[in-house]
Amino acid sequence: NAGVTQTPKFRILKIGQSMTLQCTQDMNHNYMYWYRQDPGMGLKLIYYSVGAGITDKGEVPNGYNVSRSTTEDFPLRLELAAPSQTSVYFCATSGGLLSNQPQHFGDGTRLSIL
Amino acid sequence: EDQVTQSPEALRLQEGESSSLNCSYTVSGLRGLFWYRQDPGKGPEFLFTLYSAGEEKEKERLKATLTKKESFLHITAPKPEDSATYLCAVRPPKGGSEKLVFGKGTKLTVNP
(Lines give C-alpha, C1' and ligand atoms only; values in the text may rest on other atoms or scores of the structure.)
Protein backbone atom coordinates (compact mmCIF):
# COMPACT_ATOMS: atom_id res chain seq x y z
CA ASN A 1 0.00 0.00 0.00
CA ALA A 2 2.03 2.97 -1.31
CA GLY A 3 -0.24 5.81 -0.10
CA VAL A 4 1.22 9.08 -1.41
CA THR A 5 4.28 8.83 -3.69
CA GLN A 6 6.41 11.82 -4.62
CA THR A 7 9.13 11.91 -7.27
CA PRO A 8 11.90 12.83 -7.49
CA LYS A 9 13.16 12.69 -3.90
CA PHE A 10 15.98 15.15 -4.56
CA ARG A 11 16.71 17.63 -7.34
CA ILE A 12 19.12 20.45 -8.02
CA LEU A 13 18.05 23.09 -10.52
CA LYS A 14 19.75 26.09 -12.01
CA ILE A 15 18.12 29.51 -11.78
CA GLY A 16 15.62 29.93 -14.61
CA GLN A 17 15.11 26.22 -15.26
CA SER A 18 11.70 24.60 -15.04
CA MET A 19 10.59 21.28 -13.61
CA THR A 20 7.56 19.29 -12.54
CA LEU A 21 7.25 17.63 -9.15
CA GLN A 22 5.14 14.52 -9.37
CA CYS A 23 2.60 13.31 -6.80
CA THR A 24 0.43 10.24 -7.15
CA GLN A 25 -1.87 8.56 -4.64
CA ASP A 26 -3.60 5.22 -4.41
CA MET A 27 -5.92 6.14 -1.52
CA ASN A 28 -8.81 7.18 -3.80
CA HIS A 29 -8.95 10.57 -2.06
CA ASN A 30 -10.59 13.50 -3.83
CA TYR A 31 -8.57 16.17 -2.04
CA MET A 32 -4.90 16.80 -2.76
CA TYR A 33 -2.50 19.51 -1.58
CA TRP A 34 0.95 20.90 -2.17
CA TYR A 35 2.95 22.42 0.70
CA ARG A 36 6.44 23.79 1.05
CA GLN A 37 8.45 23.54 4.25
CA ASP A 38 11.37 25.89 4.85
CA PRO A 39 13.84 25.38 7.74
CA GLY A 40 12.36 26.60 11.02
CA MET A 41 9.04 27.47 9.40
CA GLY A 42 5.65 25.85 9.35
CA LEU A 43 4.22 24.13 6.30
CA LYS A 44 2.79 26.64 3.82
CA LEU A 45 0.00 25.67 1.43
CA ILE A 46 0.83 26.34 -2.24
CA TYR A 47 -2.17 24.91 -4.12
CA TYR A 48 -4.89 22.40 -3.47
CA SER A 49 -7.49 20.47 -5.42
CA VAL A 50 -10.89 19.17 -4.37
CA GLY A 51 -11.21 16.84 -7.34
CA ALA A 52 -10.18 16.22 -10.93
CA GLY A 53 -10.34 19.43 -12.94
CA ILE A 54 -10.64 21.70 -9.87
CA THR A 55 -7.72 23.56 -8.31
CA ASP A 56 -7.37 26.60 -6.06
CA LYS A 57 -4.61 28.80 -4.69
CA GLY A 58 -3.23 28.43 -1.20
CA GLU A 59 -1.15 30.85 0.83
CA VAL A 60 2.00 30.99 -1.39
CA PRO A 61 1.04 30.21 -5.03
CA ASN A 62 3.31 32.66 -6.88
CA GLY A 63 5.85 30.96 -9.15
CA TYR A 64 3.95 27.66 -9.24
CA ASN A 65 1.26 26.02 -11.35
CA VAL A 66 -0.81 22.89 -10.91
CA SER A 67 -3.21 20.74 -12.85
CA ARG A 68 -5.46 17.84 -11.85
CA SER A 69 -6.57 15.68 -14.75
CA THR A 70 -7.06 12.47 -12.76
CA THR A 71 -7.98 11.58 -9.18
CA GLU A 72 -4.58 9.93 -8.67
CA ASP A 73 -2.16 12.60 -9.90
CA PHE A 74 -1.49 16.20 -8.87
CA PRO A 75 1.74 17.55 -10.42
CA LEU A 76 3.31 20.84 -9.32
CA ARG A 77 5.07 22.89 -11.99
CA LEU A 78 7.87 25.36 -11.28
CA GLU A 79 8.48 27.84 -14.07
CA LEU A 80 11.64 29.96 -14.09
CA ALA A 81 13.07 28.57 -10.86
CA ALA A 82 14.38 31.12 -8.34
CA PRO A 83 16.60 30.63 -5.26
CA SER A 84 13.61 31.53 -3.04
CA GLN A 85 11.96 28.30 -4.20
CA THR A 86 14.65 26.19 -2.54
CA SER A 87 12.62 24.15 -0.10
CA VAL A 88 11.17 20.76 0.74
CA TYR A 89 7.89 20.15 -1.06
CA PHE A 90 5.23 17.87 0.35
CA CYS A 91 2.16 16.50 -1.34
CA ALA A 92 -0.80 15.41 0.79
CA THR A 93 -4.20 13.82 0.27
CA SER A 94 -7.40 13.75 2.27
CA GLY A 95 -10.90 12.44 2.17
CA GLY A 96 -11.83 16.06 2.94
CA LEU A 97 -11.61 18.20 6.07
CA LEU A 98 -15.35 18.86 5.85
CA SER A 99 -15.81 15.16 6.51
CA ASN A 100 -13.24 15.39 9.33
CA GLN A 101 -10.59 13.42 7.48
CA PRO A 102 -6.92 14.23 8.21
CA GLN A 103 -4.34 14.91 5.55
CA HIS A 104 -1.82 12.17 4.70
CA PHE A 105 1.59 13.22 3.44
CA GLY A 106 4.21 11.86 1.08
CA ASP A 107 7.90 11.89 2.02
CA GLY A 108 8.71 15.04 0.10
CA THR A 109 10.91 16.35 -2.70
CA ARG A 110 14.01 18.22 -1.60
CA LEU A 111 14.69 20.93 -4.16
CA SER A 112 17.75 23.19 -4.35
CA ILE A 113 18.01 26.03 -6.83
CA LEU A 114 21.49 27.39 -7.45
CA GLU B 1 -4.14 36.62 10.55
CA ASP B 2 -4.62 33.18 12.01
CA GLN B 3 -1.69 32.23 14.18
CA VAL B 4 -0.49 28.92 15.55
CA THR B 5 2.38 29.02 18.05
CA GLN B 6 4.14 25.95 19.35
CA SER B 7 6.36 25.86 22.40
CA PRO B 8 9.01 25.07 23.24
CA GLU B 9 10.86 25.10 19.91
CA ALA B 10 13.03 22.23 21.16
CA LEU B 11 12.81 19.90 24.13
CA ARG B 12 15.36 17.42 25.38
CA LEU B 13 14.20 14.71 27.80
CA GLN B 14 15.70 11.70 29.46
CA GLU B 15 14.02 8.38 28.79
CA GLY B 16 11.09 8.04 31.17
CA GLU B 17 10.88 11.79 31.91
CA SER B 18 7.30 12.88 31.15
CA SER B 19 6.53 16.33 29.74
CA SER B 20 4.10 18.33 27.59
CA LEU B 21 4.24 20.24 24.33
CA ASN B 22 2.04 23.28 23.80
CA CYS B 23 0.13 24.55 20.76
CA SER B 24 -1.68 27.87 21.17
CA TYR B 25 -3.85 29.46 18.51
CA THR B 26 -5.64 32.73 17.89
CA VAL B 27 -8.29 31.29 15.60
CA SER B 28 -11.86 31.94 16.71
CA GLY B 29 -14.41 29.26 16.01
CA LEU B 30 -11.88 26.48 15.57
CA ARG B 31 -13.07 23.70 13.30
CA GLY B 32 -10.42 21.16 14.16
CA LEU B 33 -6.89 20.90 15.58
CA PHE B 34 -4.50 18.28 14.23
CA TRP B 35 -1.29 16.83 15.67
CA TYR B 36 1.35 15.29 13.43
CA ARG B 37 4.71 13.64 14.02
CA GLN B 38 7.56 14.25 11.55
CA ASP B 39 10.75 12.18 11.45
CA PRO B 40 13.88 13.56 9.70
CA GLY B 41 13.64 13.19 5.94
CA LYS B 42 10.00 12.09 6.09
CA GLY B 43 6.58 13.61 5.65
CA PRO B 44 4.31 14.41 8.60
CA GLU B 45 2.47 11.42 10.03
CA PHE B 46 -1.04 11.98 11.40
CA LEU B 47 -1.54 11.42 15.14
CA PHE B 48 -4.76 13.05 16.41
CA THR B 49 -7.68 15.30 15.56
CA LEU B 50 -9.45 17.31 18.27
CA TYR B 51 -12.63 19.32 17.72
CA SER B 52 -14.03 20.67 20.97
CA ALA B 53 -12.73 22.02 24.26
CA GLY B 54 -12.34 19.25 26.80
CA GLU B 55 -11.73 16.58 24.21
CA GLU B 56 -8.85 14.13 24.77
CA LYS B 57 -7.28 11.49 22.52
CA GLU B 58 -4.64 8.89 23.43
CA LYS B 59 -2.21 6.71 21.53
CA GLU B 60 0.42 4.68 23.36
CA ARG B 61 2.51 7.20 25.37
CA LEU B 62 0.85 10.25 23.80
CA LYS B 63 -2.25 12.08 24.96
CA ALA B 64 -3.61 15.20 23.28
CA THR B 65 -5.96 17.63 25.01
CA LEU B 66 -7.79 20.75 23.84
CA THR B 67 -8.98 23.94 25.52
CA LYS B 68 -10.52 27.03 23.92
CA LYS B 69 -7.13 28.60 23.21
CA GLU B 70 -4.55 25.83 23.25
CA SER B 71 -3.77 22.17 22.96
CA PHE B 72 -1.27 20.06 24.83
CA LEU B 73 0.50 16.92 23.70
CA HIS B 74 1.45 15.01 26.84
CA ILE B 75 4.22 12.44 26.56
CA THR B 76 4.31 9.91 29.37
CA ALA B 77 7.52 7.96 30.07
CA PRO B 78 8.99 8.72 26.64
CA LYS B 79 11.37 6.40 24.82
CA PRO B 80 14.15 7.31 22.37
CA GLU B 81 11.90 6.26 19.48
CA ASP B 82 9.55 9.13 20.40
CA SER B 83 12.23 11.56 19.22
CA ALA B 84 10.76 13.57 16.32
CA THR B 85 9.35 16.97 15.46
CA TYR B 86 5.71 17.34 16.52
CA LEU B 87 3.55 19.62 14.42
CA CYS B 88 0.25 21.23 15.29
CA ALA B 89 -2.22 22.52 12.70
CA VAL B 90 -5.60 24.21 12.95
CA ARG B 91 -8.50 24.47 10.54
CA PRO B 92 -9.79 28.04 10.73
CA PRO B 93 -13.43 28.96 10.16
CA LYS B 94 -12.76 31.52 7.44
CA GLY B 95 -11.42 31.04 3.95
CA GLY B 96 -11.29 27.74 2.12
CA SER B 97 -12.55 24.94 4.25
CA GLU B 98 -9.70 22.72 3.16
CA LYS B 99 -6.91 24.95 4.42
CA LEU B 100 -4.82 24.12 7.48
CA VAL B 101 -2.53 26.56 9.30
CA PHE B 102 0.57 24.85 10.70
CA GLY B 103 2.81 25.81 13.60
CA LYS B 104 6.59 25.64 13.31
CA GLY B 105 6.83 22.49 15.40
CA THR B 106 8.56 21.28 18.55
CA LYS B 107 11.65 19.16 18.08
CA LEU B 108 11.69 16.49 20.77
CA THR B 109 14.84 14.54 21.63
CA VAL B 110 14.64 11.66 24.11
CA ASN B 111 17.99 10.46 25.38
CA PRO B 112 18.46 6.84 26.59
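Sequence lines set the chain letters: A, B, ... in the order given, protein chains first and strands last, and positions in each chain run from 1.
Counting non-hydrogen atoms of other residues, nucleotides and ligands closer than 6.0 Å to CZ of B:R61 gives a total above 12. The environment of NZ in A:K57 is sparse: at most 12 heavy-atom neighbours from other residues, nucleotides or ligands sit within 6.0 Å. Around CD of B:E9, the count of heavy atoms belonging to other residues, nucleotides or ligands within 6.0 Å does not exceed 12. Summarising the local packing, NZ of B:K57 is surrounded by more than 12 heavy atoms from other residues, nucleotides or ligands at distances under 6.0 Å. Within a 6.0 Å radius of CD1 in A:I15, other residues, nucleotides and ligands contribute more than 12 heavy atoms.
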Would A:Y33 and B:L100 count as a side chain to side chain contact (heavy atoms under 4.5 Å, CB included) here? Give the steps. CA-CA 10 Å; A:Y33 316 81; B:L100 291 181; over 6 Å; no

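Here the straight-line distance linking atom CZ of B:F102 with atom CD of A:Q37 works out to 9.0 Å at 0.5 Å rounding.
Neither the backbone nor the side chain of A:Q6 comes within contact range of chain B; no heavy atoms are under 4.5 Å apart. Contact of A:V4 with chain B is not made at all, since no heavy-atom distance falls under 4.5 Å. Only the side chain of A:L45 comes within less than 4.5 Å of a heavy atom of chain B; its backbone N, CA, C and O stay farther away. Residue contact with chain A, scored on non-hydrogen atoms closer than 4.5 Å, is absent for B:F48.
For the set B:G41, B:G105, B:P44, the count of heavy-atom pairs under 4.5 angstrom toward chain A peaks at B:P44. Considering only heavy-atom pairs separated by less than 4.5 Å from chain B, the leading option among A:H104, A:R110, A:K9 is A:R110.
A:F90 and A:L76 are members of different hydrophobic clusters when ILVMFWY side chains are connected at heavy-atom separations under 4.5 Å.
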